[in-house]
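Okay, structure first, notes after.
Just so it is clear, the model here is predicted, and its values are computed rather than measured. In what follows, chains are A, B, ... by sequence order, proteins preceding strands, each numbered from 1.
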Amino acid sequence: MTKHRLPRELLPLTPPVFHILLALAEEERHGYGIMQDVSRQTDGALQLGPGTLYGCLKRMLAAQLVEESDERPDPALDDERRRYYRMTALGKRIVRAEAQRLAGAVTVAMARLAGESA
Amino acid sequence: MTSESNPMGGFCRLYSVLLYAYPPEFRRQYGRSMEQLLRDRCRDLARRPGGLTLLRFAGQVMADWLRTTVRERAAAIWSAGRKPAKRSSVTEWAGTFLIYLFATTTLVQAYVIPTGSMEGNLLIGDHILVDRMVFADPGPWGRHILPYRQVERGDIVAFLYPEDLRQTYVKRIIGLPGDRIRLHNGQVVRNGRRLVEPYVQHIAIQPDPYRDDFPLAPEALTTPRGRDMLQHHVRNGEVIVPAGMLFALGDNRDNSADSRYWGFVPREYVVGKPLLVYWSYDAPTAELQELTLDHVIDVAEHFLTRTRWKRSFLVPRSQPAEEVGGAR
């Protein structure tokens, strides 16, 4: 469906997708790992429910922003096998582009609102 | 598996059932992972103090479930639209609908308080959700899965009115099987001990010997079931609650049609326990019992002013009465 889309057409990313990509920026994680990291990134403001998380992952897999790594236990939790996800090269490009877009928006916002809060 | 150490085990198992509301394809792909994520999260939350966190998490998960089942269903239909297999999506929606129906009819039931008999705790026009699971014995197998407990003295309980099963009443349970009940000057004496009931409200100025000194004085207002109770279950001036029955009184003790007048509540007529008030609307009794066009217009016009906002999400509490020894 989204195979031939240029990165720009996928922007802007929804907040869950953006934060899931950020969670996978440094290392591959399993579902619960992503959920915890997103919560940390946003100071608890964004709590992904299971349906939201796996719904997003499904769409991100289809858009080839992430890919499944393998199934293995998480040494920190228990010996149950968990499916790990990692970011693709396309995912990295997209999240970078989104970060730039947001940075641009923040710059504009700072410039326009600077006088008000002071 | 470590689900034994998880106090939310019942919730996790319930969630496994709720997963059937997702499209089969989605469930096959991610169902197992979603269950595991829920288990992991519950285990982590349980390590922290505070039951409220768990409750809030359960609420978030249910909201997430409602939103994403609809979204995934729509997505499944969208992609099915390009393939010939279209009929299956109808049956899939029917599946989701059935699960919603199961959730709303089996787990909770919405109900309006039509009379002032529990006034002080529940007002006329309180729209409440009744937890249907808590008193419904799910059998030896289900007892470990579902939250279940016995009815206790002091519980506020919703039950079918024994004289007319189309009506649901909400009262407080005063007597369990074997309990000896009488009233003395308007105060309950249970098994020879006077009850101090902080939740009770007395409004009458005129004494009424039957109402206040039950079951001594003769009373004309009783129903056939009430008369049967007085004939067969009174000994030494006390009513003795038989096996499989409950004795229920309204908190608005002087203005309540309760077990004093229509007899015992059979245990199997208990529907559940009021969970919370989700909307409280100030309207006359008759309007609440039947949904008429006038009532709908009335609500539309006065929704903001006649809604008792402060009562929203109020939780009616079970409260055991204090027993004081030596009633005369």
Checklist entry - Do the rings of Phe26(B) and Tyr30(B) sit parallel, tilted or perpendicular, given the 30° and 60° boundaries? => result tilted
Next on the checklist: Shorter than 4.5 Å, heavy atoms on both sides: which option in Asp40(B), Thr68(B), Leu19(B) has the most such pairs with chain A?
Outcome noted: Asp40(B)
Checklist entry - Can you tell which of Met35(A), Gln47(A), His30(A) has the highest number of heavy-atom pairs within less than 4.5 Å of chain B? => result Met35(A)
Checklist entry - Do Arg72(A) and Tyr84(A) touch side chain to side chain, with heavy atoms closer than 4.5 Å? => result yes
Checklist entry - Quick one: do Arg101(A) and Glu98(A) make a salt bridge, cutoff under 4.0 Å? => result yes
Checklist entry - So Tyr22(B) and Met34(B), side-chain contact (heavy atoms from CB on, under 4.5 Å) or not? Walk me through it. => result CA-CA 12 Å; Tyr22(B) 287 100; Met34(B) 289 163 79; 3.8 Å; yes
Checklist entry - Under 6.0 Å from the CZ atom of Arg86(A), do we count more than 12 heavy atoms belonging to anything else shown? => result yes
Item to check | Proximity breakdown for Arg82(A) and chain B, heavy-atom pairs closer than 4.5 Å | outcome: both
Checklist outcome for this item: Nearest heavy-atom approach of Leu11(A) to Ala97(A) is CD1-CB, 3.6 Å
Next on the checklist: Only pairs of heavy atoms separated by less than 4.5 Å count here; which of Gln36(B), Glu72(B), Arg32(B) has the most with chain A?
Outcome noted: Gln36(B)
Next on the checklist: So for Leu53(A), is it side chain, backbone, both, or neither that comes closer than 4.5 Å to the heavy atoms of chain B?
Outcome noted: side chain
Checklist entry - Side chain, backbone, both or neither: which part of Ile34(A) has a non-hydrogen atom closer than 4.5 Å to chain B? => result neither
Checklist entry - Who wins among Gln36(A), Arg83(A), Lys58(A) for the most heavy-atom pairs under 4.5 Å with chain B? => result Lys58(A)
Next on the checklist: Quick check for you: among Asp44(B), Thr69(B), Val61(B), which has the greatest number of heavy-atom pairs under 4.5 Å with chain A?
Outcome noted: Asp44(B)
